Amino acid sequence: MLGRSVIEVANLRKAYGSTVAVDDASFEVREGEIFGLIGPNGAGKTTTMECVEGIRRPDGGRITVLGLEPYKSPYELQHRIGVQLQQAQLQKRIKVWEAVDLWSSLYPRPLDGDELLEQLGLADKRGAWFMTLSGGQKQRLFIALALINDPEVVFLDELTTGLDPQARRKIWSLVTGIRDRGKTVFLTTHLMEEAERLCDRVAIIEHGRVIEIDAPTALVEQHCPERSVVFTADASPPAGLDSIEGIESVSVEGFTYRLEGRGEDFVTRVIHHLSASDIHVRDLRTVLPTLEDVFLKLTGHGIRD
Ligand SMILES: Nc1ncnc2c1ncn2[C@@H]1O[C@H](COP(=O)(O)OP(=O)(O)O)[C@@H](O)[C@H]1O
Ligand SMILES: [Mg+2]
């Protein structure tokens, strides 16, 4: 059950000189969810997050985090939130346990550092210099440091950028683990796959404006209802494909058929049709739209353009 909202942002605005980085952004993050602010580089994600964390002063709008106004109560808030650090902020030769110790000393009731390192798979790196860690290990250390004060809300900015797929997956499961322990996670990413895998809800931001907010599956359902079924049949073509409800096109290449249609039941209808037609299907797969397709549809261009 998702409860009260822990972050409320209303009409946030922030400009750097003549560059409007965030333009009238509004959204809320609810207790116990992983909420993603997603969009291309330069969209205004980091600026928004930093305003919410209280380290940047908004030009306009209202923000509350756990009922506090971040820019007015930074110290009170710092004890209750966890912020992932940027890499540059750790010295090369600081050891993993030293960093954890240092961070622990900043808070009145820190968690057990060794236990945290164990949970994040860094126990054997306790005595290693920061500069000797791999990208994934550094990110896991940053997560450990963000969690040391047992925060109610955790902020993660582009946590897996630059990591290989394996390290990325490991981080993803750590982040869902944070949520499963009852925390609220507010993250940013420009990776649509990451958002789709990880986030309960997302706000899509482009040019500083929030253009959509919902669960990834709901956004796909709403904006990209098209579905495709691709199958390969032995020999004779199945009859009556054009009459399947919701079908929009049929294309054939050799014995491989691609059926495009829309509606939640489209895939089921195709399967029923094929099983009733008594042909031999050698291979069948569905192609469902993704958050990337939603982004394309909403903005008219791809996320990497
Ligand atoms: N400190 C800064 N000074 C001037 N412009 C900035 C600064 N930080 C970000 N910007 C600009 O604000 C816009 C939004 O940047 P940012 O919030 O970092 O976006 P994102 O995190 O989505 O990549 C970009 O046009 C960026 O160039
Ligand atoms: Mg950023």
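Indexing begins at 1, ligand by ligand and atom by atom, following the structure's order. Everything numeric in this text was worked out from a predicted model, so none of it was measured.
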Would you check if there is a donor-acceptor pair between the side chains of T184 and E31 at a distance under 3.5 Å? no
Between T47 and E50, do the side chains contain a donor N or O and an acceptor N or O under 3.5 Å apart?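 Their side chains do not contain a donor-acceptor pair, so the 3.5 Å distance test is not met.
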N/O contact list for ligand 1, threshold under 3.5 Å:
unit_1	atom_1	unit_2	atom_2	d
ligand 1	17 (O)	T47	N	2.9
ligand 1	17 (O)	T47	OG1	2.5
ligand 1	19 (O)	G44	N	3.1
ligand 1	21 (O)	T46	N	2.8
ligand 1	21 (O)	T46	OG1	2.8
ligand 1	22 (O)	A43	N	3.1
ligand 1	22 (O)	G44	N	3.0
ligand 1	22 (O)	K45	N	2.9
ligand 1	22 (O)	K45	NZ	2.8
ligand 1	23 (O)	G42	N	2.6

So is R93 actually on top of W129's ring, under 6.0 Å and inside 45° of the axis?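 So R93 does make the cation-pi contact.
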Under a 4.0 Å N-O cut-off, is there an ion pair linking E33 with R179?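 No, E33 and R179 are not salt-bridged.
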Ion pair check, D157 and K45, cut-off under 4.0 Å: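 Judged by the 4.0 Å cut-off on N to carboxylate O distance, D157 and K45 do not form a salt bridge.
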In terms of the angle between their ring planes, are H301 and F295 parallel, tilted or perpendicular, with boundaries placed at 30° and 60°? perpendicular
Name all pairs fulfilling the ring pair (Phe, Tyr, Trp, His ring centres under 6.0 Å) condition that reach into residues 249-268, sequence neighbours left out, sorted by first residue then second.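 For residues 249-268: F231-Y257.
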Heavy-atom distance under 4.5 Å between the side chains of D234 and I279, does that happen here?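 SC-SC contact between D234 and I279 ruled out.
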Less than 2.8 Å from the Mg ion (ligand 2) is the window; count the protein N, O or S atoms in it. 1
Pairs under 3.5 angstrom only: tabulate donor-acceptor contacts from the side chains of residues 218-230 to other protein residues two or more places apart or in another chain.
unit_1	atom_1	unit_2	atom_2	d
E221	OE1	R227	NH2	3.0
H223	NE2	E212	OE2	2.8
R227	NH1	C224	O	3.4
R227	NH1	P225	O	3.4

